[in-house]
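What follows is a set of notes on a single structure, which appears directly below.
So you know, we letter chains A, B, ... as the sequences are listed, proteins then strands, and number each from 1.
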Amino acid sequence: MPESTTEIVTMMTDSELLRLADAVGVPMPGRRVTREWLEDAVLEAVLEHGMGIEETPQTPLTDPAIEVEGMSKRFGSRVAVRALDLRVRPGEIVTLVGPNGAGKTTTMRVITGIVRQDGGRVVVNGHDVLREPELAKRVVGYIPERPACYPSLRVHEYLTFVARLYGTPRVRALLRMSWCARVFQLEEYMDAFMGTLSKGNLQRVLVASILVRDPPFVLLLDEPIYGLDPRGAWAFKNELRRLRDGGSAVLLSTHILEAAEGISDRLVVMNEGEVVGRGTMDELRSVHPGATTLEEVFLELTGGVPRP
Amino acid sequence: MTGTRPVLAMVVKEQLNHLRRTITSPALLLFYTLTVIGVWAVSSLVAVLVGLGPALGSLVSLFEESVERDVVFLACAGATATSVLVGQSGHGLTSLLRPYDENTLMSAPVTPRQVFVAGYFRRVTRRGMLTVLAMGILLPLHQVSWTAYWSAVTVVGTVVLLLEFNYLLGGLAATLRLKLERRSTQRRWQRAGLSGLLIIVMLSGSPVVTGMRPAWALPYNAVAAMVLKLSGVLTDGPTVIETVAVVTLGILAALSVLAHSLDAGFYELAVVGRQEEQRGGRVSRLLRGEVDFTRSRASDPVVWLMAKDFWTEMRRPLQVWKYIYVVVGTALSVVLNTTDTMALGRVRIPHELEYAAVPAMVFMLVLVVQLVSVGSLLGFVDERDMIYQLRASPLRAVDIVMAKYIPSVVEATLLVLPACGMVAYIFPVKGGLILLSLCAPLVIVFCAAGTMIGASVPVFTADPRTPPLPLALALPTINFVSAGIVIGVLVLAGGTVLALVALPAVTVSLTALFLGLGVLSLRQYR
Ligand SMILES: Nc1ncnc2c1ncn2[C@@H]1O[C@H](COP(=O)(O)OP(=O)(O)OP(=O)(O)O)[C@@H](O)[C@H]1O
Ligand SMILES: [Mg+2]
């Protein structure tokens, strides 16, 4: 978090502050307490419990954080991914690009352990996804292609639930929740049922549901920018950079090439289940000297630039 | 590793919120209330009928006397075997997972077992609430006698439990199949394993085995024996407590084996589905609905819509069996009715009771038509979110409604044929054929009611995938009332020529009313 615990507490809404007071066990002496008194009392209790944002235990990811070796996946007779090699190190944002049906979603699903590969090895944070799925998933934050959520849960209930699922202490989760609500403009939706959220707001909630947990993460984000408005996309990209700098590993897929260009450290271009190009932006450009933009590189790699 | 507690707590919260949202939404609440009142009224009516006419009561006991012991045992075992057959495809099992579990639970550090437990808990709470509702609705039966009420409740309760056991067994068959598939065993072995399981179930319900009491420790046999004891066929059947205990033990055993045998294959099945080999000759491809219906030469968009519905319907698993059932069932009932054998199952009606058989038969017919016309509700629900696209197309609302209505009438007509044959066989009433012709107006009206409700689902909810429960429950109420009107008109008109005019008139008006309302709600989508 770029802000300190103190800043978050002072900017909390009243109901958030009361919830936090309850969580840290601040006794309420009477019906009338001033906001300042409560803020001070809560802050003191939070720091006393060692639950401030700054006191998050630091357990770095193993290097590489994602390691995929010779992974293949078939659907019936159709090969979705063929002998894929992929490595994402902590502190790195790698973007998968490729035409529709290239195998990006399938790759993400295999890495999260939702779909079982036919061959090859997938290791996340040092744990083989097939052999120790729960250990591997501890650090995974996944946003699927088609975000959906429990329609009958309220946003704050969902975020609390996710924090519990990953064993994040409640106090720290509440602090981060309040911060996320502000940064992603979710304040007015915290009490709304998730079934009533718009697509973009739902996506923000899913992003927030990862951020309430203790970092670092192995993020697997399937087209996360699609559906966010410019402000949301901007906040999201900032957040990704910050997480990367904090030691998280990010693998994302997108069709928005400018976005990919802006935030990726490396790109992996897939086509029909195979990797057809990889490297930094400059490396890709140097291999295809005729192409000036990422769009043209992409077209070169995946079937040629159509000539009108 | 995370414990199961938070997962369960979340499901509980979700269910409670869901309930609260239903209760606090006026439209849904209204529908709930109307439905409960309606079903309660019907249930009271039945109670009064049973209470007033001891003749009807004795008819019921007559029916019970003619029930064959072996048939009941075989039927229960058959139900279990069918569930195994249906369940092995995995559709039942994966219905526990929602699309939104993909980003929350499947990718979280919880085991597939915990995810299963959460999904199963969700299922059980919903089922439980429905069962309690059903038992409450049966309450007017106590006017006949409390014994009657309690036996009805017991039967409903144990049958629900048995269905749960069957469901879990089907889930087990699915996980077994997943494991076999992963070992890339040949399909021959998978088939052999499945057939073996089915044969074991059927054998254990066969007369030779059920003659021995230890066989009653199997849940389906226990339920059969209990039902037989309640109807007085068996004198030494298991008590209710014993039956419930046996079935519950069966459920717990199946549940724990299933929970422990699940792995991530469960997720894959839910998220990407099963990858079937697309093979087979022309006929089997036709039966599986693998037909390029876009090559149809029809130019009318409504015909198109119907063709699309038909072929996509055929692509569902087990759809073929529906049509096989129609052909075989119709043939069987024709044979039974024409060759005058007094085989098992036929009610021998004493002369003095014949008048009571007519209402009983009509009631049966209404129930049967009710069952076969449920499909009309699904025509719209199956479109899911595409319904908005359809609505935005240049098709007229009337055309859309008709395109859903006509095929549902055709299908209900097909499905009702064998059932009618069986009813005619079971109740050899004089003039029974005339009564059977009552099915025609009933099918026409019930399908219209179903289409209306299907069309109004998106008016009540922003999520056309899941019709609110009360809407679905409203269908039987509306149907019973319409049946009452149709039959009332028929009775009023008597056997006169008037009936020839009145019956079509009332049928057409009811149908037009329902379809018109359907068109109206289609125009009101948010
Ligand atoms: N459930 C499935 N059954 C059969 N084939 C599938 C299934 N899911 C994916 N495929 C196939 O696997 C291949 C890769 O699909 P995938 O969804 O991974 O592509 P993608 O790169 O994510 O595409 P998009 O950019 O459109 O999201 C495609 O050819 C697709 O048809
Ligand atoms: Mg994709």
Contact part of A/Thr196 toward chain B, heavy-atom cut-off under 4.5 Å: side chain, backbone, both or neither? side chain
Residues in residues 107-121 of chain A that sit under 4.5 Å from chain B, counting heavy atoms only: A/Arg109, A/Thr112, A/Gly113, A/Ile114, A/Val115, A/Arg116
Within 6.0 angstrom of B/Arg123 CZ, more than 12 heavy atoms from elsewhere: yes
Can you give each donor-acceptor pair under 3.5 Å made by side-chain atoms of residues 219-228 of chain A, sequence neighbours left out, with the distance rounded to 0.1 Å?
{"residue": "A/Asp222", "atom": "OD1", "partner": "A/Ser253", "partner atom": "OG", "Å": "2.7"}
{"residue": "A/Asp222", "atom": "OD2", "partner": "A/Thr105", "partner atom": "OG1", "Å": "2.9"}
{"residue": "A/Glu223", "atom": "OE2", "partner": "A/His255", "partner atom": "NE2", "Å": "3.4"}

OH-OG1 distance between A/Tyr142 and B/Thr104, expressed to the nearest 0.5 angstrom: 11.0 Å
Working for side chain to side chain contact (heavy atoms under 4.5 Å, CB included), residues B/Asn103 and A/Ile143: CA-CA 6 Å; B/Asn103 53 329; A/Ile143 298 186; 6.0 Å; no
Can you list everything that forms a side chain to side chain donor-acceptor pair (under 3.5 Å) with A/Thr62? Sequence neighbours excluded, please. A/Asn125
To the nearest 0.5 Å, what is the distance between NZ on B/Lys13 and OG1 on A/Thr160? 8.5 Å
Just wondering, do B/Thr111 and A/Glu134 contact through their side chains at under 4.5 Å, heavy atoms? yes
Does B/Met106 offer a backbone N or O that forms a donor-acceptor pair with the side chain of A/Lys137 under 3.5 Å? yes
Sidechain N-carboxylate O distance under 4.0 Å for B/Glu268, A/Lys73: yes
Taken in chain and number order and not counting sequence neighbours, the residues that satisfy side-chain contact (heavy atoms from CB on, under 4.5 Å) with A/Thr59 are none
Could you look at A/Phe161 and say if it's the side chain, the backbone, both or neither that has a heavy atom under 4.5 Å from chain B? side chain
With no hydrogens and no angle check, is any side-chain donor or acceptor of B/Asn17 less than 3.5 Å from a backbone partner on A/Ser152? yes
